[in-house]
Protein chains: 2
Amino acid sequence: MIDYNHPAFQYYQNVSEQCIHYLSIDGVIFGFHQNQLKVLLLRWKGTDEWSLPGGFILKTESVDLAAQRIIKERTGLQTLYLQQFHVFGETVRYNQEETWAKINLPIQGINWSERTISIGYYALVEYAEVVPATDFLTEECRWWSLDAIPALLFDHNHIIEVALQSLRKNVGDQPISHLLPDTFTIPELQRLYETILGHSLDARNFYKKIMAQNNLERLAERRAGTPHKAPYLYRFKVAFSER
Amino acid sequence: MIDYNHPAFQYYQNVSEQCIHYLSIDGVIFGFHQNQLKVLLLRWKGTDEWSLPGGFILKTESVDLAAQRIIKERTGLQTLYLQQFHVFGETVRYNQEETWAKINLPIQGINWSERTISIGYYALVEYAEVVPATDFLTEECRWWSLDAIPALLFDHNHIIEVALQSLRKNVGDQPISHLLPDTFTIPELQRLYETILGHSLDARNFYKKIMAQNNLERLAERRAGTPHKAPYLYRFKVAFSER
DNA sequence: TACCTTTATGTCAAAAGTACGCAAAGATGT
DNA sequence: ACATCTTTGCGTACTTTTGACATAAAGGTA
């Protein structure tokens, strides 16, 4: 049953020695593109099965840094805004047999993980700066619109759901600026809030509210090429984009 | 250096076999008494050192249930409102040598915990229903007012701080009723909000706001023995106290 | 140039939050 | 017995925030 030459076996043997058992990290990487909230997902080799990026914590590494490392590897980003949002600690989080069958790895007998407790982190990243990269177990890494996500491996649909709820609840004090390019228009910012909150907002009231916070500076430039009135470009004031 | 007959050694040997390594739970148990927010702490045998209650997760046990078990053992309560609030995952959370010296256990060589990642839970409990109970490493278990907490073992002062911030932030959707006895007066409820929020409130506006929520029912009875006008007793309506 | 859509602002009323007035209740001191 | 004091319970008025909606300017399309 176990193929001792398969790279997965060697990976898990490595992990087994150097990482903390029973514990993992799953990352929900949020991006924003074409007025839609997106999540970065991985397709496992030789399958049509997708999952969140994840990984294990080195025995010598802080949990936050492990999350940074894992997510940096998939995005190529140097700096990251990360937020721990929940620990998934049920004894049975998903149907293990079914899942192992789907990912089809010849290492099912290894005594690594009768169960795994997963610490969930979400990242807010700028879509255009991400260079999606697979790991050795996967062969495709790409963005999915939040409303088009397929049935994922493990309990990852659930994890995304909880991440989104957490983001929604804390949207007021999260640095939303990380999801946007340096310059953007007010309507674009509005679409972002709308997709996070899950409902539409009145453009006039949104404008008023955003302006009242005094976080934005308007540039002289306008967004060209729009079919209608060209909107001004804005930028977060330094103190706020650095958060 | 290691006393193989010391109960702590046997405990850790047990834990080492049956529990998940590198991972623990710490519980911040909030109670409310005499208009003060309190936390339940343990004093370690033969020392003047205090810590939060904590423990380890059985390999076969969900994290939430482990937290329940650990906190039930210290409080004697059958039902508990628990809230996971943060994972403390730094590689160096406190000065280990200093701490081991303080708790003075003859098991310092055991290779159990080079480091521990701790999942923080807070509990909201009714002060009067708690029967504090020590474990085999401690000899005193009692309530401390939040503003009189001494320097604790490990990073437990920090954990309490983070728990309080979390409670404060979420006070709006937490079932505060669990911190109060079945019946209470409006001024008592106000003191509770004041200690959680950390600032005083206007009694008249507080009354209006609470009443607008329509969660309380007023009893015919009044609180006797007060030096001034006897306040009415109230009770949370069933739908709210059951949350 | 008429027309259409979107942006950028403005107005106004409803709702929520804040400041503060005050009478009734109940204990205390004389 | 009665004035005094504090606290409770409820009310009024002002301010700030939120939400609904009007409209002119901008910029493309027919």
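The sequence lines fix the lettering, A, B, ..., with proteins before strands; numbering per chain opens at 1.
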Spacing of [X] atom [atom1] relative to [N] atom [atom2], expressed in whole Å:
X: I210(B); N: dG9(D); atom1: CD1; atom2: P; value: 13 Å
X: F184(B); N: dT8(D); atom1: CZ; atom2: P; value: 15 Å
X: L201(B); N: dA19(C); atom1: CG; atom2: P; value: 11 Å
X: I186(B); N: dG9(D); atom1: CD1; atom2: C1'; value: 10 Å
X: R223(B); N: dT6(D); atom1: CZ; atom2: P; value: 22 Å
X: Y193(A); N: dG19(D); atom1: OH; atom2: P; value: 15 Å
X: K209(B); N: dT17(D); atom1: NZ; atom2: C1'; value: 13 Å
X: F206(A); N: dG10(C); atom1: CZ; atom2: P; value: 18 Å

Side chains of Y121(A) and I119(A) in contact at under 4.5 Å (non-hydrogen atoms)
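Y121(A) reaches I119(A) side chain to side chain.
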Pairs involving residues 123-135 of chain B, ordered by first then second residue, that meet side-chain hydrogen bond (donor to acceptor under 3.5 Å, both in side chains) (sequence neighbours left out):
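side-chain hydrogen bond (donor to acceptor under 3.5 Å, both in side chains) check on residues 123-135 of chain B returns D135(B)-T138(B).
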Sequence neighbours excluded - salt bridge (Lys or Arg N to Asp or Glu O under 4.0 Å) pairs with any residue from [range]:
range: residues 27-40 of chain B; value: none
range: residues 145-166 of chain A; value: R93(A)-D155(A)
range: residues 211-229 of chain A; value: E188(A)-R223(A)

Applying a 4.0 Å non-hydrogen cut-off, can you work out what R218(B) is touching in the nucleic acid: base, sugar-phosphate, or nothing?
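R218(B): backbone/sugar contact only, no base atoms under 4.0 Å.
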Residues two or more places apart in sequence or in another chain: which of them pass ring-ring contact (aromatic ring centres under 6.0 Å, His included) with F206(B)?
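Residues passing ring-ring contact (aromatic ring centres under 6.0 Å, His included) with F206(B): Y193(B).
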Footprint string (nucleotides 20-30 of chain D, 5' to 3'): B base within contact, S backbone only, - free, heavy atoms under 4.0 Å:
BBB--BBBS--
